[in-house]
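See below for the structure under consideration.
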Amino acid sequence: MAFSSSSSTTFFVSHRIQASSLQPKVYQSNISSSMNASRHKKPYRPAHEVEGQVTHSMPPHKMEIFKSLENWAENNLLTLLKPVESSWQPHDFLPDPSLSDKFYEQTEELRKRAKEIPDDYYVCLVGDMITEEALPTYQTVLNTFDGIRDETGASLSPWAIWTRGWTAEENRHGDPLKQYLYLSGRVDMRQIEKTIQYLIGCGMYIKTENSPFMGSIYTSFQERATFISHSNTARHAKRHGDLQLAQICGAIAADEKRHEGAYTRIVEKLFELDPDAAVIAFADMMRKKIVMPAHLMFDGRDPALFDHFAAVAQRLGIYSATDYADILEFLVGRWKVEGLAVGLSEDGKKARDFLCCLGQRYRKLEERARGRREKQERRSVRFSWVFDREVQV
């Protein structure tokens, strides 16, 4: 849809510029014509749309739990946020443009290192960066959770302060990766920027149903997943000889690890206060499967872009199905799910038993899938992010 109107939009812009300098009356006429034409344009629609969304499934009385936890949140979550003055900033890892001679020298060194890194790694790095750049969506989603949302945009509730502080820290993650990629010259920045715009426009649907129980379980899982992914991109960057890029990825991974600690604390507290609701929510999220934040990714060309990116990440060992099973088993252990007994309903006991067996089920499924992959002929996909070069998936 957007492509069909681009040429006419360019015409109006260029024609208006000419008219503004030479014929003011024609300029006014063109505004009117442009407004009339815009009335006939199709309304904007996301590239990927999600049907059958479920909202507000948590019983209203459960919100009282989160209200009662405000003092706990202040002492156990807000202490995990770092002061701005002692936080790293993207500038710390990149060539300094204020030092003109050194800037060009540092940039040239960066570009030389970048030449030694293969395209499949860049596909993973770009996918991770795009995921980080969709941060507006994540703050929006956090503010859909009943009982903990920021009601004003500047609320002094500890839950709201945490969400804004978390967002402020996460906001640093995409910047150094994006600036590094821009300076490297190895990727098509316009296609990447289009992908970011498409993704934010699509949003994400993670099936948390406005429930802070489900939401905290999702974020616990997802923060650990991003910690693993960024740790592995750091490891690969070091192996390819780019220690500066490894530092960037490592700094991001450290933040994700700290944020994981916060969200797992929340769920740990929920298991203490309402083990039945917590274990049922955990099982519900795992039955629906934890989808990645960028699952609605699109670049204007490849409708299966996320699947192709995920396949490259799986092949390189950046993030895999084995990691998914590991995270599940880690959280089952962290929250002591196997030992739950007191306070569980029949549904709660079924949820507990389901979760305790699920990790092994995933591992068996992955073993079979690996066997099938090994028998299949390798295929390649063109990624617009790397100038339509083919990358094995």
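Side chains are part of it too, since the values below use all heavy atoms of this structure and drop only hydrogens, waters and symmetry mates. Bear in mind the structure is a predicted one, so any value in this text is a computation, not a measurement.
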May I ask you to decide if Leu80's main-chain N or O and Arg258's side chain share a donor-acceptor pair within less than 3.5 Å?
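Side chain of Arg258 to backbone of Leu80: a pair is present.
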
For Val312, is there any backbone N or O sitting under 3.5 Å from a side-chain donor or acceptor partner on Arg315?
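Not a single qualifying donor-acceptor pair exists.
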
Please confirm whether the ring centroid of [X] lies under 6.0 Å from the ring centroid of [Y].
X      : Y      : value
Tyr324 : Phe221 : yes
Trp162 : Tyr263 : yes
Phe282 : Trp335 : yes

Are the side chains of [X] and [Y] in touch, meaning some heavy atoms are under 4.5 Å apart?
X      : Y      : result
Met63  : Met58  : yes
Ile252 : Glu132 : yes
Cys249 : Leu125 : yes
Ile327 : Tyr319 : yes

Looking at every heavy atom in both His230 and Asp128, which two are closest together, and how far apart are they?
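That would be CE1-CB, 3.9 Å.
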
Minimum heavy-atom distance between His91 and Pro97, given as atom pair plus value:
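In terms of heavy atoms, the two residues are closest at CE1-CD, 4.3 Å.
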
Looking only at side chains, do [X] and [Y] share a donor and an acceptor under 3.5 Å apart?
X      : Y      : answer
Asp323 : Ser320 : yes
Gln244 : Arg113 : yes
Lys194 : Gln197 : no

Who are the salt bridge (Lys or Arg N to Asp or Glu O under 4.0 Å) partners of Glu346, not counting sequence neighbours?
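Result, salt bridge (Lys or Arg N to Asp or Glu O under 4.0 Å) vs Glu346: Lys349.
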
Heavy-atom neighbours of [X] [atom1] exceed 12 at 6.0 Å:
X      : atom1 : result
Phe103 : CZ    : yes
Asp101 : CG    : no
Glu109 : CD    : yes
Lys238 : NZ    : no
Tyr104 : OH    : no

Donor-acceptor list for residues 141-152 side chains, cut-off 3.5 Å, not counting sequence neighbours:
{"residue": "Asn143", "atom": "OD1", "partner": "Asp150", "partner atom": "N", "Å": "2.9"}
{"residue": "Asn143", "atom": "ND2", "partner": "Gln139", "partner atom": "O", "Å": "3.4"}
{"residue": "Thr144", "atom": "OG1", "partner": "Val141", "partner atom": "O", "Å": "2.6"}
{"residue": "Asp146", "atom": "OD1", "partner": "His56", "partner atom": "ND1", "Å": "3.2"}
{"residue": "Asp146", "atom": "OD1", "partner": "Arg149", "partner atom": "NH2", "Å": "2.6"}
{"residue": "Asp146", "atom": "OD2", "partner": "His56", "partner atom": "ND1", "Å": "2.9"}
{"residue": "Arg149", "atom": "NE", "partner": "Asn143", "partner atom": "O", "Å": "3.1"}
{"residue": "Arg149", "atom": "NH2", "partner": "Thr144", "partner atom": "O", "Å": "2.9"}
{"residue": "Asp150", "atom": "OD1", "partner": "Thr152", "partner atom": "N", "Å": "3.2"}
{"residue": "Asp150", "atom": "OD1", "partner": "Gly153", "partner atom": "N", "Å": "2.8"}
{"residue": "Asp150", "atom": "OD1", "partner": "Ser155", "partner atom": "N", "Å": "3.2"}
{"residue": "Asp150", "atom": "OD2", "partner": "Arg164", "partner atom": "NH1", "Å": "2.7"}
{"residue": "Thr152", "atom": "OG1", "partner": "Ala154", "partner atom": "N", "Å": "3.1"}
{"residue": "Thr152", "atom": "OG1", "partner": "Ser155", "partner atom": "N", "Å": "2.9"}

State plainly whether the residues Glu209 and Lys288 are in salt-bridge range, i.e. N to O under 4.0 Å.
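The answer is yes: the pair qualifies as a salt bridge.
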
For salt bridge (Lys or Arg N to Asp or Glu O under 4.0 Å), just list the numbers for Glu366 and Arg373, CA-CA rounded to whole Å, side-chain angles, deciding distance to a tenth of an Å, and then say yes or no.
CA-CA 10 Å; Glu366 171 54 16; Arg373 286 195 300 269; 2.7 Å; yes

Please confirm whether Arg287 makes a cation-pi placement over Phe354, using NZ or CZ under 6.0 Å from the six-membered ring centre and within 45° of the ring normal.
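Yes, a cation-pi geometry holds between Arg287 and Phe354.
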
Quickly, which of Tyr198, Phe309, Phe306 forms a ring pair (Phe, Tyr, Trp, His ring centres under 6.0 Å) with Phe298? Name it, please.
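Exactly one pass, corresponding to Tyr198.
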
Glu329 vs Arg334, salt bridge (Lys or Arg N to Asp or Glu O under 4.0 Å): CA-CA, chis, key distance, verdict:
CA-CA 8 Å; Glu329 291 184 337; Arg334 168 69 192 264; over 6 Å; no

With Glu260, which of Arg224, Arg265, Gln222 fulfils side-chain hydrogen bond (donor to acceptor under 3.5 Å, both in side chains)?
Arg224

